[in-house]
Novice: 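Pasting in a structure now, in structure tokens, and then I'll have a few things to ask.
Keep in mind the model is a prediction, meaning the values are calculated, not measured.
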Amino acid sequence: PMTGMAASDASADVDGPVMVVKVDNTAKAFPQQGLAAADIIVEEPVEGGVTRLAVFLHSEIDGVTGPVRSVRSSDVGIVSPAGAVLVASGGAPEAVADIEAAGIETRFEDTPGFARDPGRSAPYNLFVDAGDAYAALDEPGPPAPFFTFGAPDVAGEPADALELVFSKAQTTRLTFADGAWTREADESDGFTATTVLALLVEQGTAGYLDPSGAPVPINVTEGTGAGYMATDGQVVQVEWSKESAEAPWTFTLDGEDVPVPAGRTYLALLPVDTGSVQVDASEGSSSSE
């Protein structure tokens with residue numbers, strides 16, 4: 001349900017629940033662990049212009065994932081379409097209340113699978129053993145596929161690399177080679193994506209402050225907006241739509257539905273006011289807001 005691929009080689013019971021682990025994405029978090037097993041990775045803005053990852057684990061449940069960090073109210077629209085269990089260190093009371101009100105099951109520190117790495121400093125030392133955490137879940141499986149999967153019949157522009165600009169503080173670069181997109185980092189996280197989705201979303205405030213006193217943003221995942229779909233070395237501009245927090249994202253081009261190619265997906269939520277997508281190709285480059 002998270003990849004649209006045949007389940008014959010999956011290492012987990014794909015009728016079981018999806019587990020989404022919140023992973024730190026700042027410099028002190030590297031090297032990150034466990035991302036190679038993900039079906040979907042969502043990169044979402046948080047306070048300070050930096051980002052955090054929501055790592056969807058389902059077809060492969062194996063190894064240690066982290067560093068695990070806290071939830072945000074924005075996670076409701078990200079996690080709900082998968083009917084997933086949200087695994088995190090904890091969260092601000094306001095964010096936890098929003099997640100509980102949405103009916104999302106959570107597993108925080110001091111539940112099965114969590115441990116601190118003595119070789120790292122807090123708060124970047126909390127990890128979760130995916131197998132141990134998953135074995136303790138008793139929730140039902142996902143209600144429906146996360147995307148409408150298929151082969152998009154659209155012609156895009158050549159793309160060798162994408163620079164996803166979230167803010168002055170955060171740019172994520174992915175490169176295309178050997179049929180897959182890979183996020184650039186000093187040390188590879190092992191995750192390769194068939195498709196990159198970069199969606200421009202509105203931002204509001206979640207109604208509470210972080211420990212430094214800065215307002216915590218909330219990414220508005222419902223509604224419609226502009227975006228980019230990159231696959232097979234090409235990128236095309238699309239329109240995204242999401243009717244509710246529980247509904248999946250859908251995509252159109254010139255009024256026609258555009259399915260997401262089967263495989264692993266990297267989904268980036270770019271603030272519409274500060275975000276942009278830079279497309280690099282061997283024949284040239286173009287930049288789009």
Side-chain angles (χ1 to χ4, degrees), residues 2 18-79 82 84-92 95-96 99 104-109 111-117 119-134 137 146 164 166 169-174 181-193 196-197 210 216-217 219 264-269:
M2 299 297 104
V18 177
M19 189 165 68
V20 177
V21 184
K22 291 301 300 293
V23 173
D24 195 289
N25 197 44
T26 58
K28 293 183 179 179
F30 289 87
Q32 297 158 323
Q33 295 184 34
L35 274 59
D39 290 340
I40 300 167
I41 291 179
V42 179
E43 185 172 5
E44 57 176 311
V46 292
E47 57 276 10
V50 299
T51 60
R52 194 156 287 182
L53 305 181
V55 178
F56 285 62
L57 301 175
H58 189 238
S59 61
E60 292 184 37
I61 305 294
D62 185 37
V64 172
T65 304
V68 181
R69 296 299 301 275
S70 57
V71 297
R72 295 293 185 274
S73 297
S74 296
D75 294 330
V76 172
I78 295 170
V79 173
V85 179
L86 184 54
V87 178
S89 60
V96 174
I99 288 164
I104 296 171
E105 291 286 336
T106 58
R107 298 294 185 275
F108 293 158
E109 190 175 5
T111 60
F114 280 98
R116 294 274 176 178
D117 181 349
R120 296 201 188 198
S121 59
Y124 311 101
N125 62 347
L126 182 63
F127 291 82
V128 63
D129 184 299
D132 289 348
Y134 198 83
L137 302 182
F146 197 77
L164 310 181
F166 292 86
Q170 178 65 37
T171 295
T172 297
R173 182 177 173 87
L174 297 105
W181 294 93
T182 303
R183 189 174 62 141
E184 285 192 355
D186 290 339
E187 184 173 336
S188 173
D189 57 35
F191 179 77
T192 59
V196 177
L197 293 167
D210 71 5
V216 174
N219 306 300
R264 301 175 190 266
T265 303
Y266 195 92
L267 171 61
L269 302 178

Novice: Within the distance-only criterion (no hydrogens, no angle test), does the side chain of Asp189 pair as donor or acceptor with the backbone N or O of Pro31 below 3.5 angstrom?
Specialist: no
Novice: Less than 4.5 Å apart, any side-chain heavy atom of Phe146 and any of Phe56?
Specialist: yes
Novice: Could you walk me through whether Lys22 and Glu44 pass the salt bridge (charged side-chain N to carboxylate O under 4.0 Å, His left out) test, one step at a time?
Specialist: CA-CA 10 Å; Lys22 291 301 300 293; Glu44 57 176 311; 3.3 Å; yes
Novice: I'd like to check Met2 versus Ser59 (side-chain heavy atoms, cut-off strictly below 4.5 Å). Are they in contact?
Specialist: no
Novice: How close do Asn219 and Ser74 get, counting heavy atoms only, and between which atoms?
Specialist: N-OG, 2.7 Å
Novice: Would you give the length of the straight line joining atom CZ of Phe114 to atom CG of Leu126, rounded to the nearest 0.5 angstrom?
Specialist: 5.5 Å
Novice: Using the rule given for side chain to side chain donor-acceptor pair (under 3.5 Å), can you reason through Ser70 versus Arg72, listing the C-alpha separation, both sets of side-chain angles and the distance that settles it, and then say yes or no?
Specialist: CA-CA 7 Å; Ser70 57; Arg72 295 293 185 274; 2.8 Å; yes
Novice: So Val55 and Met19, do their side chains get closer than 4.5 Å, heavy atoms only?
Specialist: no
Novice: Please report the shortest heavy-atom distance between Ala130 and Ile61, naming the atom on each side.
Specialist: O-CG2, 3.6 Å
Novice: Yes or no on side chain to side chain donor-acceptor pair (under 3.5 Å) for Arg52 and Asn25, after CA distance, side-chain angles and deciding distance?
Specialist: CA-CA 5 Å; Arg52 194 156 287 182; Asn25 197 44; over 6 Å; no
Novice: Shortest non-hydrogen contact from Thr65 to Val21?
Specialist: CG2-CG1, 3.9 Å
Novice: What's the shortest heavy-atom distance between Arg120 and Pro67, and which atoms?
Specialist: NH1-CG, 3.5 Å
Novice: List the atom of Val71, the atom of Gly91, and the distance in Å for their closest heavy-atom pair.
Specialist: CG2-CA, 3.9 Å
Novice: Taking the side chain as everything from C-beta on, heavy atoms only, tell me whether Val20 gets closer than 4.5 Å to Ile40.
Specialist: no
Novice: Could you grab the distance from atom CG of Leu174 to atom OG1 of Thr192, nearest 0.5 Å is fine?
Specialist: 11.0 Å
Novice: Is Leu53 close to Gln32 at the side-chain level, that is, under 4.5 Å between some pair of heavy atoms?
Specialist: yes
Novice: Any luck finding a side-chain donor-acceptor pair between Thr51 and Glu43 under 3.5 Å?
Specialist: yes
Novice: Would Thr172 and Gln170 count as a side chain to side chain donor-acceptor pair (under 3.5 Å) here? Give the steps.
Specialist: CA-CA 7 Å; Thr172 297; Gln170 178 65 37; 3.0 Å; yes
Novice: Between Asp129 and Asp132, is there a donor-acceptor pair closer than 3.5 Å when you use the side chain of the first and the backbone of the second?
Specialist: yes
Novice: If you take all heavy atoms of Phe191 and Thr265, which pair is closest and at what distance?
Specialist: CZ-O, 3.7 Å
Novice: Do Leu86 and Ile99 have side-chain heavy atoms sitting under 4.5 Å apart?
Specialist: yes
Novice: Rounded to the nearest 0.5 Å, how far does CG of Asp62 lie from CG of Leu57?
Specialist: 10.0 Å
Novice: Flag the pair Tyr124 / Thr26 as yes when at least one side-chain heavy-atom distance between them is below 4.5 Å, and no otherwise.
Specialist: yes
Novice: Would you say that Leu35 contacts Arg183 through its side chain, given a criterion of any heavy-atom pair below 4.5 Å between the two side chains?
Specialist: yes
Novice: Between Asp39 and Arg264, is there a donor-acceptor pair closer than 3.5 Å when you use the side chain of the first and the backbone of the second?
Specialist: no
